Protein chains: 2
Amino acid sequence: MFNFSYQNPTRIVFGDGQISQLSQLIPTGSKVLLTYGGGSIKQNGVYQQVINALKGHSYLEFSGIEPNPSYETLSKAVALVKAEKIDFILAVGGGSVVDGSKYIAAAALLEQDGWAILEKKARIKAALPLGCVLTLPATGTESNANAVITRQSTQQKLAFSHPSVYPQFAILDPKVTYSLPAKQIANGVVDAFVHVMEQYLTYPVNAAVQDRFAESLLQVLIEEGPKALDQPENYDVRANVMWAATMALNGLIGVGVPQDWATHGLGHQLTALYGLDHAQTLAIVLPALMQQQRATKREKLLQYASRVWGLQQQDPERQIDEAIYHTRAFFEQMGVPTRLTAYGLPASVVDELMAKLMSQGMNKLGEHGDIDYQASRAIYTAAV
Amino acid sequence: MFNFSYQNPTRIVFGDGQISQLSQLIPTGSKVLLTYGGGSIKQNGVYQQVINALKGHSYLEFSGIEPNPSYETLSKAVALVKAEKIDFILAVGGGSVVDGSKYIAAAALLEQDGWAILEKKARIKAALPLGCVLTLPATGTESNANAVITRQSTQQKLAFSHPSVYPQFAILDPKVTYSLPAKQIANGVVDAFVHVMEQYLTYPVNAAVQDRFAESLLQVLIEEGPKALDQPENYDVRANVMWAATMALNGLIGVGVPQDWATHGLGHQLTALYGLDHAQTLAIVLPALMQQQRATKREKLLQYASRVWGLQQQDPERQIDEAIYHTRAFFEQMGVPTRLTAYGLPASVVDELMAKLMSQGMNKLGEHGDIDYQASRAIYTAAV
């Protein structure tokens, strides 16, 4: 096991009816900016629950934070926060709203323009306190310190991470997910699954707790994901998916172990060029990457095959084949296709993807830094 | 799954050589009280590592915190903290030193005598900041808000819990456990195992993540516990045991699920009357309790049998029998006997234990509150 330092200060407030806790969770006397996206929270009752819970608090609203939250939109919120002397951000939405709100919280306390944070030209010293009501289980951003922001004018999609943007609290009410479109639940399950895999499917370092926790989350997602589609109002199923998605990327399973993240790196190019959903790109890349990296990931692939899928074949190569097959079948079962062609993308896109990858100099991906351009091309090709 | 609220603010600093991080972790300018026990840290090099890391900090020492830390001893430390205007407590030791230091940290900020905290006659509002260097993996106190304190003059052993006594940081260096006597490692593994069981072996509430995380920790302790005895200087084994013991009682696996704690309640009487080690009492009580409560715990017993021990018999009663057998065998394999008679305690002690239990009115133990005196007597009797 590697050395590590881990602290996660976010308070999780989990369960039916917990949005009503907001008034206790936000410090008395705060001037709140309520941030949200396209307004679906007004159709599913979440907005009204939040407004009811905010009674007695002073707040303004900022809506319109889009999927892949943009610097352009968020800059307007930053200006509002500065002008109105906002001192608490309450994000209500999915990963994009929470990520965008982290940016607002950090940029609001910066003298220069906030984009400097993304370009690593400014160091965050502090951020406004932030809380969130999560409406879509997927990214784990509700209890981590990460955010991804897109600058539309330059087509840059960059990430930042800083301890000051851990949400102070995250309210997770499984019932608010009942009305989500099936596609969003499916994407969320695939996203969480691949978050676990990026921290698990590398090489063994005898981190027994982390391995078994990762396998636990994979098993829960495999068991509960399809049920979440079939029974949208099964409370426990939605609760298990929601809690698994949070645990998948709150840092805990990644302590003291190597991490990969090549599937994300290769997938990002598919979103950038063809607008695929983030989870769709992961479902396309991961099975191909497992195949292409089967030698370097051999020991963990065998462990995954055995412990997650119960595959106990005599022949290890066959066991790995079946583990990859089951992974692909699981994504397909969730309604997320795993081949480029299934999205209308022919083999010729591989050249475009490689050009995009090379324009960013991404030649050392993976836990060993050994996924070079040649290996990436092989992965994209295997994903056709 | 039940609703829950969970926050764990402790920073875990884990790994070889991490005691050197102390100087960064303790706020500059603090006046530190270094607390420890009987001096074993002076023989195994931990004391010297701590002193080296404290260079530049102002500190005093308070030693002599005993196993089952006493109000009488700790009151001297509280007086010292008040007199010397100490503003940071650094606990270096096992569960007793950390528990005792939590009491010191809370009592130091109380106007009245600290025992009022244990008697629930005073409400904690704040505590001095506290950090710890853990030397014995077992209790989980290094990242929870609980402490158990004994008043020797009245033979009372009482617990308190308050968010202000979460350690700000816990340094966990597996190497400091190399020199521990085998008995202490064995006790620690049994203690951690039963902590998990108290939060797991109840009745199902469809908490899939919590169940699988609990099963993960049990499996890790079963696999690594015996190795920790056989190979005292196997770093990864000690690391896995240490991390599992922390995760066993940092609150995470207990969120949203029923909890039992009857094994602890019944075990405490054995320590009080006959001075048995805490872990010894748990090893005696748990298998007997599993047997006596097999009807109410039936579903989770079958899940435990199947997932933790891989028992897939046709006949469920046989499966439960074997799960109990394996549990007992595991404790025995760790060198911790599971029968009262193995500690020289004959069947006649059951009456004494019952008298002690009844003197405290402990008539509603267990997750259903249905372990009454009759059931407790049956459990003690089954443990002879």
Side-chain angles (χ1 to χ4, degrees), chain A residues 1-18 21 24-25 143 163 168-174 204-221 223-224 234-248 252-253 255-256 307, chain B residues 1-18 21 24-25 143 163 168-174 204-221 223-224 234-248 252-253 255-256 307:
Chain A
M1 196 191 305
F2 302 158
N3 287 357
F4 66 85
S5 177
Y6 180 65
Q7 181 181 40
N8 190 323
T10 302
R11 172 174 294 282
I12 304 290
V13 181
F14 194 102
D16 182 17
Q18 295 306 297
Q21 301 288 332
Q24 280 83 57
L25 291 165
S143 77
Q168 295 201 337
F169 62 81
I171 298 180
L172 278 63
D173 179 347
V205 294
N206 292 323
V209 173
Q210 294 91 320
D211 275 6
R212 289 203 180 270
F213 276 14
E215 290 153 1
S216 294
L217 295 174
L218 297 172
Q219 285 174 292
V220 170
L221 291 166
E223 287 165 2
E224 306 282 302
N234 183 323
Y235 180 84
D236 283 336
V237 167
R238 289 292 170 115
N240 287 330
V241 167
M242 201 166 204
W243 190 221
T246 298
M247 293 302 308
L252 185 71
I253 63 167
V255 298
R307 290 195 189 169
Chain B
M1 197 191 303
F2 303 157
N3 287 357
F4 67 84
S5 176
Y6 180 65
Q7 181 181 39
N8 190 324
T10 302
R11 172 173 295 283
I12 304 291
V13 181
F14 193 101
D16 181 18
Q18 294 306 297
Q21 301 288 332
Q24 280 82 55
L25 291 165
S143 78
Q168 295 201 338
F169 62 82
I171 298 180
L172 278 63
D173 180 347
V205 294
N206 292 322
V209 173
Q210 294 90 322
D211 275 6
R212 288 203 181 272
F213 277 14
E215 290 152 4
S216 294
L217 295 175
L218 297 173
Q219 285 174 293
V220 170
L221 291 165
E223 286 164 4
E224 305 284 302
N234 183 323
Y235 179 85
D236 283 336
V237 167
R238 289 293 168 114
N240 287 330
V241 166
M242 201 167 203
W243 190 221
T246 297
M247 293 302 308
L252 185 71
I253 62 166
V255 297
R307 292 195 188 167

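Lettering of chains follows the sequences in order, A, B, ..., and the numbering in each one begins at 1. Heavy atoms only: backbone and side chains are in, while hydrogens, waters and symmetry mates are out. Here the structure is a predicted model, which means the values were calculated and not measured.
Of the listed residues Ala208(B), Gly256(B), Ala244(B), Ser143(B), the one with more heavy-atom pairs under 4.5 angstrom with chain A than any other is Ala208(B). Chosen from Val13(B), Asn206(B), Ile171(B), Leu217(B), the residue pairing most often with chain A at heavy-atom distances under 4.5 Å is Asn206(B). Ranked by heavy-atom pairs shorter than 4.5 Å toward chain A, the options Asp211(B), Val209(B), Leu252(B), Asn3(B) are led by Asn3(B). Highest contact tally toward chain B, considering only Val237(A), Asp173(A), Thr10(A), is held by Thr10(A) [criterion: heavy-atom pairs under 4.5 Å].
Proximity of a side-chain donor or acceptor of Asn240(B) to a complementary backbone N or O of Val220(B) within less than 3.5 Å is not detected. Proximity of a side-chain donor or acceptor of Gln7(B) to a complementary backbone N or O of Pro9(A) within less than 3.5 Å is detected.
Within the 4.5 angstrom heavy-atom criterion, atoms from both the backbone and the side chain of Met1(A) approach chain B. For Val255(A), the part sitting under 4.5 Å from any heavy atom of chain B is the side chain, from C-beta outward, and nothing else. Interface residue Tyr235(A): only side-chain heavy atoms are found under 4.5 Å from chain B. Contacts between Asn8(A) and chain B at a heavy-atom distance below 4.5 Å involve the backbone alone (N, CA, C, O). Neither the backbone nor the side chain of Leu172(A) comes within less than 4.5 Å of any heavy atom in chain B.
For the pair Ala248(B) and Ile253(B), the tightest heavy-atom approach, listed with the atom from each and the gap, is O-CD1, 3.8 Å. Taking every heavy atom of both residues into account, Pro174(B) and Phe14(B) meet most closely at CG-CE2, 3.8 Å.
Note: Trp243(B) and Phe213(A) fail the aromatic proximity criterion, with ring centroids not under 6.0 Å apart.
Between Arg212(A) and the options Glu215(B), Glu224(B), Glu223(B), a salt bridge (Lys or Arg N to Asp or Glu O under 4.0 Å) holds for only Glu223(B).
Contacts of Arg238(A) classified as salt bridge (charged side-chain N to carboxylate O under 4.0 Å, His left out), with partners at least two apart in sequence or in another chain: none.
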